[in-house]
Amino acid sequence: MQPSDTTETAAKDLAKAYEFRDVEDKWYQAWLEHKNFRAGMDPERPSYSIVIPPPNVTGVLHVGHALNNTLQDVLIRFRRMQGMNTLWLPGTDHAGIATQNVVERQLAAENTSRHEIGRRAFVERVWKWKEESGGQIIHQLKRLGCSCDWERERFTMDEGLSKAVREVFCRLYDEGLIYRGDYIINWCPRCHTALADLEVEHEPTDGKLYHIRYPLADGSGHLVVATTRPETMLGDTAVAVHPEDERFRDLPEKAVILPLANKKIPIVFDAHVEREFGSGALKVTPAHDLNDFEIGRRHDLPLLKVMDDSGTMNEAAGSYAGLDRFACRKQVVADLEAAGLLEKIEPHQHGVGHCYRCQTVVEPALSKQWFVKVKPLAEEAIRAVEQGETRIHPKSWENTYYSWMRDIRDWCISRQIWWGHQIPAWTCEACGELIVARIDPTSCSKCGANSLHQETDVLDTWFSSALWPFSTLGWPDDTKELAFFYPTSVLVTSFDILFFWVARMMMMGIHFMGRAPFADVYLHALVRDKHGQKMSKSKGNVMDPLVVMDQYGTDALRFTLAAFAAQGRDIRLSEERIEGYRHFINKLWNAARFSLMHIGTCAPPEPDRLEPAALDLPHRWILARLDRTTGEVIAALDNFRYNDAAAALYQFVWREFCDWYLEWIKPELYAEPGPGQEAARTVLFTVLETVLKLLHPFIPFVTEEIWHALPGDRQTIMTEGYPAPRAAWQSEAAEKEAALLMGVITGLRNIRSETGIHPSAEITAIVHCPDQVTEEMVAGHQQAIRALAKVGNLTARVAGERPKGAATYIYNDIVIFVPLEGLVDFDAELAKLDKEKSKTQVLLDKVNAKLSNPKFVDNAPAEVVAGEKEKQETLAAKLGKLDESMKRLAELKG
RNA sequence: GGGCGAUUAACUCAGUGGUUAGAGUGCCACCUUCACACGGUGGAAGUCACAGGUUCGAAUCCCGUAUCGCCCACCA
């Protein structure tokens, strides 16, 4: 495979530092050209599908999107490499209010408005905006490397999805699950639309509680009511008290005079009233408060609307008509005060509802709206999770899901805006018949008249999003895609839309497809601002992922996000951390450069033909480590533990492959050609190829770039098989032996550093081993010890003369000496050993205490006890060696 | 009013019953050694918020306290 612009690809001599700028776009275009993202439908292979949480068509990529989509891309690339038919279905959401707001702002700038240009022109204008400026986030997702099947990109208002929406609406209506009625809903006076309960954000606000005297109608006194919204009193049609409240039992006449309006309203008895609150009397405004609405129903009270759709007082408010609700509040309070009817004003903290789109204070208002009766759907959705048809990760979210589903209230789905799916309902002007239909009717089905007018409301945006997992696959048609990819494998999303979206997809998916839409739901953390608030564009101090990608490269961002994914609820990306992982990318790059110098033009290795048993320790060791890492990465990804996978890979590449293995085999690589060198090259090549494949889902660009620099005819790494563990590569013996060798080398390096020996100076080392086997091991690896610790003269022996003037280091039961011919600072040496001794003693004491506790020995698993015994022996041996050495040093010191 | 989460190194965070609690960045010392200074080697740094409990064994499980934060909810 070659990238499209073939200017400088096959260059095997790589730049000294990884230059992501040259690489990312090149490979992304190549993947697109080769259609590597296209979903296959091979019946022989399992399917793996994800539908993208569709970003708003108005959206701009923020860190939350970057996280969400990186996590999805990791899974999709991983499963694709594992050979599955992978579909990652992309698309955007029409985002009713948000998009309408954008275009309305444009119109305002042109000194016009949607009302002026009319509905048809407005909707056309939004479509035009969408075609020209919408969906820039799609380009940004490509920049992030997302391997979506772009040929299947959908939009919640495209033809197919609109058809699905209409079908669902009609079916639910026919089933009696959609109804229209007059209820108190949340009204946004700025957006001029109803909002669902979920779309109202309650913010604690320091308000005031006004205590107002309502004179009794017979003039014998007054009742005091308390309210936070005095302006609504103009709409009061009763005062309520608790039926068992002694204080109100003997009211002479069951009526009060509503101040300012000067009209008589009844006193009703209702158990909803809290006797302890305020004076125990509650003003009842059925048209502007949900509870009051319910009370009104129970007592057959009139509904009096005193406000219009913009939050302005209407004619029913008498002399207050025309005032904005907040201005009216001031005026009402002033007038009450003047009339001596204001008993007191208390500071009062309470939750005030705000529109989640524009933050305007929401007004509960009486209105005719469409609702979905969700209770029966919710019951099915609960069952699906209870029975494990859908698993939620992390599991702790299940309870949140259940409790919301159990207390669910009917869903208000109508919105009084213009951008969205217009409700397919018509009213006959002649006979008043309500017609709900899949195809626009031309005449009344009841009376035959053809004066029909369609409902002007549109549906809540989440109504169409709720159908996303099946509408995007062609439903209501019976498509191949639906059969193949539904239910989808996993939904990856952030927990803040668990109710808005996930819960509703569950309900709709089960109801219309008969099966829950996902096998797994993985909820990840939310990126918040520094105050712990949800991030919003209007606030500053928000990290822009596009800037990050420009600065550090996409792979660095992706790897960082994967490493961050463990966090429970909040993520705040730190730039330092991204920089740290850019260093990791560069490290990988340079390890590859180095490897390439030595691999030369080797034929690509055949891992199956590798015989580890015939190889030297470094090779056996690195293959064992690689195998372990492979197992860890796969297990981690199987369980959505991205951070574990990232950490395992980071650790392996940097700490084991680069720091130890490459240094270890350098002598062999630089030596004269021979079978040893041949083996080293082969293993090196194998490890590099394997690790690139393991890393590819996380950091696709740099891995692809290196992949193509390797010798051999190469297709994209994207479709290489993902590595799997190989029993033949496992070797605990090699891991143990290498650990011993590393201990000795580290000890020597420690001595060098502590005694100030120049890095380029060679030293003499004497290693005293506890037994013959150890001695042979150390002697057998003297080439490595010489190279890695800069040792000139190395002696390994079981016992023998302890050198006179020598720095000492004890590694378990091995004593390491570096003779320094009179240069040894005995006091410093003694102090060092003494410190080591006390540390060792503390550990040994702990182990001794454990092992002398019969309860531990009896109760702990055998392998834990055995482990402690081994530790005891090692520590005791070390302590013995430390004691000996200190005694010897004291003698030498004189 | 319910529910949930967090509290671990200077900073940002991993670590959900069993080695001497880890990572990135930062810090100290030495090193421009032929892949990499976006580097190497060695090192310092933590009463795992506090107080109890369960257990042979607790950062990890349970109870409580404190601080911070989130979600849900019709006390005006």
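Under a cutoff of 6.0 Å and an axis angle of 45°, A:Lys587 and A:Tyr650 do not form a cation-pi pair.
Residue A:Glu663 places a side-chain atom within donor-acceptor reach of the base of B:rA35, judged by atom type and a 3.5 Å distance cut-off alone. A:Lys16 contributes no side-chain N or O that forms a donor-acceptor pair with the base of B:rC36 under 3.5 Å.
No contact: A:Arg406 has no heavy atom under 4.0 Å from any strand. Residue A:Asp659 is classed as a sugar-phosphate contact, given heavy-atom separations below 4.0 Å to backbone atoms only. Within 4.0 Å of A:Lys871, counting heavy atoms only, lie sugar-phosphate atoms of the nucleic acid but no base atom. As judged by a 4.0 angstrom heavy-atom cut-off over every strand, A:Pro861 is placed among the base-contacting residues. Contact annotation for A:Tyr650: backbone-only contact, meaning every heavy-atom pair under 4.0 Å involves sugar-phosphate atoms and none involves a base. A:Ser760 comes within 4.0 angstrom of no nucleic acid atom, judged by non-hydrogen atoms across all strands. Residue A:His211 is out of contact with every strand shown, counting any heavy-atom pair closer than 4.0 Å. Using a 4.0 Å heavy-atom criterion, one finds that A:His202 contacts no nucleic acid atom at all.
Rounded to a whole Å, the CD atom of A:Glu398 is 14 Å from the P atom of B:rC4. Atom CD of A:Glu274 is separated from atom C1' of B:rA73 by 14 Å (rounded to the nearest Å). Taking atom CD of residue A:Glu579 and atom P of nucleotide B:rC38, one finds them 9 Å apart after rounding to whole Å. One can place CZ of A:Phe495 at 8 Å from P of B:rC71, the figure rounded to the nearest angstrom. Across the protein-nucleic acid pair, A:Asp270 atom CG and B:rC75 atom C1' stand 13 Å apart, rounded to whole Å. Rounded to an integer number of Å, the gap from A:Leu523 CG to B:rC4 C1' is 14 Å. Between the CG atom of A:Leu526 and the C1' atom of B:rG5 there is a distance of 13 Å, given to the nearest Å. Taking atom CZ of A:Arg582 as the reference point, atom C1' of B:rG24 lies 14 Å away to the nearest angstrom.
Salt-bridge formation is not detected for the pair A:Glu762/A:Lys790: no Lys NZ or Arg NE/NH1/NH2 atom is positioned less than 4.0 Å from an Asp or Glu carboxylate oxygen. Under the 4.0 Å criterion applied to side-chain N and carboxylate O atoms, A:Arg229 and A:Glu363 are assigned as salt-bridge partners.
For the OP1/OP2 pair of B:rU25 and a distance below 4.0 Å, the side-chain nitrogens and oxygens of A:Arg577 include no atom meeting the criterion. Between A:His350 and B:rC74 there is no side-chain polar atom (N or O) within less than 4.0 angstrom of OP1 or OP2. The phosphate of B:rG40 (OP1 or OP2) has a side-chain N or O of A:Lys587 nearer than 4.0 angstrom. Considering only side-chain N and O atoms, A:His758 lies nowhere under 4.0 angstrom from the phosphate OP1 or OP2 of B:rU33. Applying the 4.0 Å criterion to OP1 and OP2 of B:rA35, one finds that A:Tyr670 has a side-chain N or O inside that range. Of the side-chain N and O atoms in A:Arg655, one or more sit less than 4.0 angstrom from OP1 or OP2 of B:rG24. One finds a side-chain N or O of A:Asn859 lying less than 4.0 angstrom from the OP1 or OP2 phosphate oxygen of B:rC56. Proximity of A:Trp654 to the phosphate of B:rG40: a side-chain N or O atom is located under 4.0 Å from OP1 or OP2.
Pair assignment for B:rA44: none, as no Watson-Crick or G-U wobble contacts are both less than 3.5 Å. B:rC70 is paired with B:rG3 under the criterion used here, namely a Watson-Crick or G-U wobble arrangement in which both key atom distances are under 3.5 Å. Of all nucleotides present, only B:rC31 satisfies the Watson-Crick or G-U wobble test against B:rG39, with each distance under 3.5 Å. When Watson-Crick and G-U wobble pairs are counted only if both distances are under 3.5 Å, B:rA58 pairs with no nucleotide at all. Across all strands shown, B:rA10 is found opposite B:rU25 as a Watson-Crick or G-U wobble partner, with both distances under 3.5 Å.
For B:rA14 and B:rU7, the P atoms lie 7 Å apart once the distance is rounded to whole Å. Here the separation of B:rG17 from B:rC31, taken at their P atoms, is 47 Å to the nearest Å. Annotation: B:rG43 and B:rU54 have their C1' atoms spaced 40 Å apart (nearest Å). Taking the C1' atom of each, B:rG57 and B:rA44 are spaced 30 Å apart, rounded to whole Å. For the P atom pair drawn from B:rG46 and B:rU41, the interatomic distance equals 24 Å after rounding to whole Å. For the C1' atom pair drawn from B:rA10 and B:rU16, the interatomic distance equals 27 Å after rounding to whole Å. When the C1' atom is used for both B:rC71 and B:rU12, the distance is 25 Å, rounded to whole Å. Of the P atoms belonging to B:rU60 and B:rG5, the separation is 15 Å, rounded to the nearest Å.
RNA chain B is contacted by both A:Ser595 and A:Ile578; A:Ile578 maps to the nucleotide lying nearer its 5′ end (nearest heavy atom per residue). Nearest-nucleotide positions on RNA chain B place A:Val864 closer to the 5' end than the other of A:Val864 and A:Trp404.
Checking B:rG42, B:rA76, B:rC72 against every side-chain atom of A:Arg749, the shortest atom distance belongs to B:rG42. When distances are taken from the side chain of A:Lys666 to each of B:rA76, B:rA35, B:rC74, the shortest belongs to B:rA35. Among the nucleotides B:rC36, B:rU20, B:rC72, the one closest to the side chain of A:Leu198 is B:rC72. If you check B:rA35, B:rG24, B:rU41 against the side chain of A:Arg593, the one that comes closest is B:rA35. Comparing B:rG43, B:rU33, B:rG39 by their nearest atom to the side chain of A:Glu754 picks out B:rG43. Listed nucleotides: B:rG39, B:rG15, B:rC56. Nearest to the side chain of A:Ala566: B:rG15. The side chain of A:Ala860 has B:rG18 as its nearest neighbour among B:rC38, B:rA76, B:rG18. Minimum atom distance to the side chain of A:Val273 is reached by B:rA76, of the listed B:rG42, B:rC56, B:rA76.
Side-chain contact between A:Ile212 and A:Leu342 is present, with at least one heavy-atom pair separated by less than 4.5 Å. Side-chain atoms of A:Val548 and A:Glu575, non-hydrogen and from C-beta on, never get closer than 4.5 Å to each other.
Between A:His598 and A:Tyr670, the ring-plane angle classifies as perpendicular under the 30° and 60° cut-offs. The aromatic rings of A:Trp654 and A:Phe584 sit parallel, their planes meeting at an angle under 30°, below the 60° perpendicular limit.
Of all non-hydrogen atoms in A:Val200 and A:Gly353, the two that sit nearest each other are CG1-CA, 3.6 Å.
A side-chain N or O of A:Thr285 and one of A:Lys283 form a donor-acceptor pair less than 3.5 Å apart.
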Note to self: One pair to check against salt bridge (Lys or Arg N to Asp or Glu O under 4.0 Å): A:Lys878 and A:Glu836. What are the steps and the verdict?
What the structure shows: CA-CA 10 Å; A:Lys878 180 170 183 180; A:Glu836 189 64 25; 2.7 Å; yes
